[in-house]
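Report on the following structure.
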2 protein chains.
Amino acid sequence: MGSIAPSLAELDASNIKVTRSTNLRNVPKPGSPEEMSHSHCTDHMVTVRWTASKGWETPEVRPYENLSIPPTASCLHYATECFEGMKVYRGYDGKMRLFRPDCNGERLDMSSKRGSLPGFKHDELKRLIAKLLEIDGPRWLPKDRPGEHLYLRPTMIATQANLGVQIPKEALLFIIAVPWPDPSKVKPGTNAHPGLKLLTSHEDNIRAWPGGYGYAKLGANYGPSLAAHGKALSMGFNQVLWLFGSDRQVTEAGASNFFIIWENKETGKRELVTAPLENQLILAGVTRRSVLELVQTRLSQSVGDLAPLDVVERSFTIGEVEQAWKEERIVEAFVSGTAYFITPVSLIRNGDVDMNMLKAGAERAEYAALIKSWLEGIMYGKEEHKWAYVIQGEGEQ
Amino acid sequence: MGSIAPSLAELDASNIKVTRSTNLRNVPKPGSPEEMSHSHCTDHMVTVRWTASKGWETPEVRPYENLSIPPTASCLHYATECFEGMKVYRGYDGKMRLFRPDCNGERLDMSSKRGSLPGFKHDELKRLIAKLLEIDGPRWLPKDRPGEHLYLRPTMIATQANLGVQIPKEALLFIIAVPWPDPSKVKPGTNAHPGLKLLTSHEDNIRAWPGGYGYAKLGANYGPSLAAHGKALSMGFNQVLWLFGSDRQVTEAGASNFFIIWENKETGKRELVTAPLENQLILAGVTRRSVLELVQTRLSQSVGDLAPLDVVERSFTIGEVEQAWKEERIVEAFVSGTAYFITPVSLIRNGDVDMNMLKAGAERAEYAALIKSWLEGIMYGKEEHKWAYVIQGEGEQ
């Protein structure tokens, strides 16, 4: 028999080591400057070191603090980093829930491998998060404030100190939790219809491309997009609507997935249309997937006054959007994501054409509101659903 | 008159604050594990903080140490980071020199702005570096060891603590210096001709694209490329030869620029061919530019036995390379860059075709050796040249 390869330790949340903070942090009030900073984290954080020679070390819950990083660390030079965006929801039944956390675990594992960072057993991610929330949940997301949430940021960075351009041999997975402003209480639009105003991207600034990594949640997808984002903000818009290719396909809105509801020209039926995953240009959003699945199961028939929707995942162009807008076939548009949840789009500017995204006479984006209410029902425990993962053991010592 | 905008402080090396280390580090021996780590930095580093509200703060030379970075810092999540690669050379006349440092300053300023990081007066970069080397040069690059060099890494990272996807309001410019293995003493190839073995990239892994940022030295260009690099290494190659487009244009080799010398089929004349800058797919290398300028001025006529070269910057395809190889028109190929300087290419594998890059009967890549000797002459002060920037004031207290 040949030699046996040394087995690398798997990521294992069950043996987590807990060091409690003796210096608890101030919990910010909703709407306070601390909350708006998107950076005022809870009392603790999870860290897990990984090395190529030994695999995953013992996970730790420890007091939140700055990271000590060598100036030669790979992540500071070569963007060897990826992350997830998640939330924990305080339910009306007093329980904390995560929403489809294994989807995030799978995606972080995928992103990490795409970025030459370590993979892991994806269902351990929710267990690590649960350990953090068992400790920080009671203070930071108290039982007497149902309907609130914290934002969770699992992050993988290459910590190897080596300026050579090479696959890193040391990495750190860390998880932080941070109070996050309620997106529904922040009015993004400035026009009569509250909702996002989107500015289409130019050909000289393309977010992702075939053979690239637009589908992975790598840091590299974000920083280089900020220039176009900043320009859109300075012109009074909220986000960039990213187009791709000579036919100007609609892909994503800012860092969110984009949906449009229009009437099919031939059949007259209403369709929910969004870009496909196959060409790997867009992020496979967990909220995106959930929207599609909910609409498929719950809006194949009318709901109240709302006509049924056909779900269509396909490449579509800004020209098609403009055509539908001219023919008054657009019903509404919205974006989906963890940070900004489900937010209607009020306007799209493409070149010198401003397109209102709400059907004439409509008061608000009714489909978006309905879908959002379904998701909230699951997240906050108004509806028992397999997508919700209840955190057990909260507050145990 | 309207209100006057508050003026932001410019980057200014002249007022630098120096804090000397009281605990000097061990200087590694050439070829030692410390040197091979590409991470054993000198005793000091330069740091300069920037904020959107005040601009650049007072630069500091201070003892080398880990950086304390908030877990919510932009650079750990969104790849808001860029860098430069430079070297300082100890000349045979005892002086330290930088090579065209303003080219690096200009490029770092450009990369930084492309990445929504702060710009700066680009000629301050060489002055900051000089301040560091005045202190660390005498110990780490001693006068009695001419012909040696240190690698320099100016790096810009967004330090703002904010998980929102937005243009950062706080950044840090830091500069570190590190002993670097002499690339000419590391035999990269494993076949008879020492030289790099390159594996062409696949369509499912594209480094850069039109409307992207392949021309800027953003971290985002590196991490996502490591997967293909790792695969090439595992197959016994040294670097990926990055192709682009349906016609499979040759762009870069690893993180270096790529040059090929062949005989023009029509004229029979020898040409030095490299990818152009116009479509913004490749990095505008300082060494690349210098190679082109030297060949234009010094190889427009024969040099010894070497026939003159026409300089050709144009898009060319791997199909053209294969055709030239079949017709035995290839003279040699090499890569250029700061880290690996001028290194000949011995072999290119494209699909199932292995192409030897050295003309039959040739002992070594003569043009690459000649160009390299010219550059070394300038870098190490054997030749007085405007491209060399001499560090003054070395060792002053």
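In what follows, chains are A, B, ... by sequence order, proteins preceding strands, each numbered from 1.
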Any donor-acceptor N/O pair, A:Glu81 side chain to B:Ala79 backbone, under 3.5 Å: yes

Side-chain donor/acceptor of A:Ser68 to backbone N/O of B:Ser68, under 3.5 Å: no

Heavy-atom distance under 4.5 Å to chain A: side chain of [X], backbone, both or neither?
{"X": "B:Glu65", "value": "backbone"}
{"X": "B:Asn205", "value": "both"}
{"X": "B:Met45", "value": "side chain"}
{"X": "B:Cys41", "value": "side chain"}
{"X": "B:Arg153", "value": "side chain"}
{"X": "B:Ile176", "value": "side chain"}

Under a 4.5 Å cut-off applied to non-hydrogen side-chain atoms, are [X] and [Y] in contact?
{"X": "A:Leu163", "Y": "B:Trp180", "value": "yes"}
{"X": "A:Ser37", "Y": "B:Asn162", "value": "no"}
{"X": "A:Cys75", "Y": "B:Leu76", "value": "yes"}
{"X": "B:Thr72", "Y": "A:Val178", "value": "no"}

Stepwise side chain to side chain contact (heavy atoms under 4.5 Å, CB included) check, B:His77 with A:Thr155: CA-CA 7 Å; B:His77 303 267; A:Thr155 309; 3.1 Å; yes

Audit row: A:Asn66, B:Ile69, side chain to side chain contact (heavy atoms under 4.5 Å, CB included) steps and yes/no: CA-CA 5 Å; A:Asn66 277 8; B:Ile69 298 181; 6.0 Å; no

Below 4.5 Å, heavy-atom pairs only: which of [options] has the largest tally toward chain B?
{"options": "A:Ala161, A:Ala216, A:Gly223, A:Pro224", "result": "A:Pro224"}
{"options": "A:Ala255, A:Ser116, A:Cys82", "result": "A:Ser116"}
{"options": "A:Gln166, A:His229, A:Glu203", "result": "A:Gln166"}
{"options": "A:Phe83, A:Tyr222, A:Phe174, A:Trp209", "result": "A:Trp209"}

Looking at [options], which one has more heavy-atom pairs under 4.5 Å with chain A than the rest?
{"options": "B:Ile157, B:Thr80, B:Leu226", "result": "B:Leu226"}
{"options": "B:Ser225, B:Gly211, B:Ala220", "result": "B:Gly211"}
{"options": "B:Ser201, B:Pro168, B:Pro70, B:Ala227", "result": "B:Pro70"}

Full working for side chain to side chain contact (heavy atoms under 4.5 Å, CB included) between B:Leu233 and A:Ile167: CA-CA 10 Å; B:Leu233 287 189; A:Ile167 291 180; over 6 Å; no

